[in-house]
Each structure stands twice: as C-alpha cells, then as structure tokens.
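Below: one structure, written as structure tokens.
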Amino acid sequence: LKPSVNLKWEKGDAKATSWIVKVYQEKTESKPITQKLTTTGAELDVPQDGRYIAEVEAFDDRGTLVARSPKRQVKVGSAPL
C-alpha cells in the first residue's frame, strides 16, 4: 500500500469553481505534488511516510486566485493492522 494524504475542505464564501492542492515534504526543497480539482477533496499519493505541508488555492471560473488556505502540517504514517 502506498502512503497517501486525504484532504477535504469547504468551499466557503469564495466564488471558487476549481482548486489546486499542493503537498510537499517538510524540511526539503522537493517539488510539491499538485493536483487541480473541481471538487472539495483529494487523495494524493506521497513517496513515503513522514511530515508534509498541505495548501489549497481556490480559483474562480476565469482562473483568478480568490482564496488560499493556511499551510497545514500533515503527518503520514502506516496504520496499525
């Protein structure tokens, strides 16, 4: 089983129609894992267990950035059987 990050958020008052989710390893200069979505949730595979930072950007139907979430720390680890 590959490690993954499962994120959900609320649309809020922003006139958002699409979102870009960015997840990157904490304390590294690695390129973020990004995914463009039209729903308020995502599951992204990550390379390994560890600490990650997640951020969501909201865009309107013209592609203009209308909101950005605070950066959140996410800990990824294997679940016990």
Side-chain angles (χ1 to χ4, degrees):
L1 226 85
K2 263 188 134 175
S4 64
V5 174
N6 191 349
L7 303 169
K8 293 192 184 297
W9 58 92
E10 294 187 22
K11 186 175 179 180
D13 293 335
K15 305 230 182 302
T17 57
S18 65
W19 294 265
I20 293 180
V21 178
K22 297 178 183 178
V23 175
Y24 51 94
Q25 277 187 295
E26 189 176 64
K27 298 181 182 176
T28 67
E29 297 297 319
S30 65
K31 186 175 176 183
I33 300 163
T34 61
Q35 188 171 8
K36 186 170 183 176
L37 305 155
T38 56
T39 59
T40 56
E43 185 171 348
L44 289 86
D45 290 337
V46 293
Q48 62 194 33
D49 292 351
R51 292 185 188 270
Y52 291 83
I53 302 294
E55 181 180 32
V56 179
E57 296 176 329
F59 295 86
D60 66 13
D61 57 357
R62 293 179 297 179
T64 303
L65 179 67
V66 293
R68 179 180 288 129
S69 73
K71 293 178 179 178
R72 304 278 172 113
Q73 187 181 70
V74 179
K75 186 175 180 185
V76 176
S78 302
L81 295 176

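Everything numeric in this text was worked out from a predicted model, so none of it was measured.
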Salt bridge (charged side-chain N to carboxylate O under 4.0 Å, His left out) partners of Asp60, counting only residues at least two apart
Arg62
side-chain contact (heavy atoms from CB on, under 4.5 Å) between Val23 and Val74, worked out
CA-CA 9 Å; Val23 175; Val74 179; over 6 Å; no
Could you list the donor-acceptor pairs under 3.5 angstrom formed between side-chain atoms of residues 3-11 and any protein atom two or more places apart in sequence or on another chain?
| unit_1 | atom_1 | unit_2 | atom_2 | d |
| --- | --- | --- | --- | --- |
| Ser4 | OG | Glu43 | OE2 | 3.1 |
| Lys11 | NZ | Ala16 | O | 3.3 |

Hey, what else clusters with Leu65 if you join Ile, Leu, Val, Met, Phe, Trp, Tyr whenever side-chain heavy atoms sit under 4.5 Å?
Ile20, Phe59
List in chain and number order the residues that pass side chain to side chain donor-acceptor pair (under 3.5 Å) with Thr39, two or more places apart in sequence or in another chain; answer none if no residue qualifies.
none
Side chains of Arg51 and Gln25: do they bring a donor and an acceptor to under 3.5 Å?
no
Applying salt bridge (charged side-chain N to carboxylate O under 4.0 Å, His left out) to Glu55 and not counting sequence neighbours gives Arg68
Honestly curious: do Val21 and Tyr24 fall in one hydrophobic cluster under the side-chain, below-4.5 Å linking rule?
no
Can you find a heavy atom in the side chain of Tyr52 that is under 4.5 Å from one in the side chain of Arg72?
no
If you round to the nearest 0.5 Å, how far is NZ of Lys22 from CD1 of Ile53?
13.5 Å
Between side-chain atoms of residues 31-38 and protein atoms elsewhere (two or more places apart, or another chain), which donor-acceptor pairs fall under 3.5 Å?
none

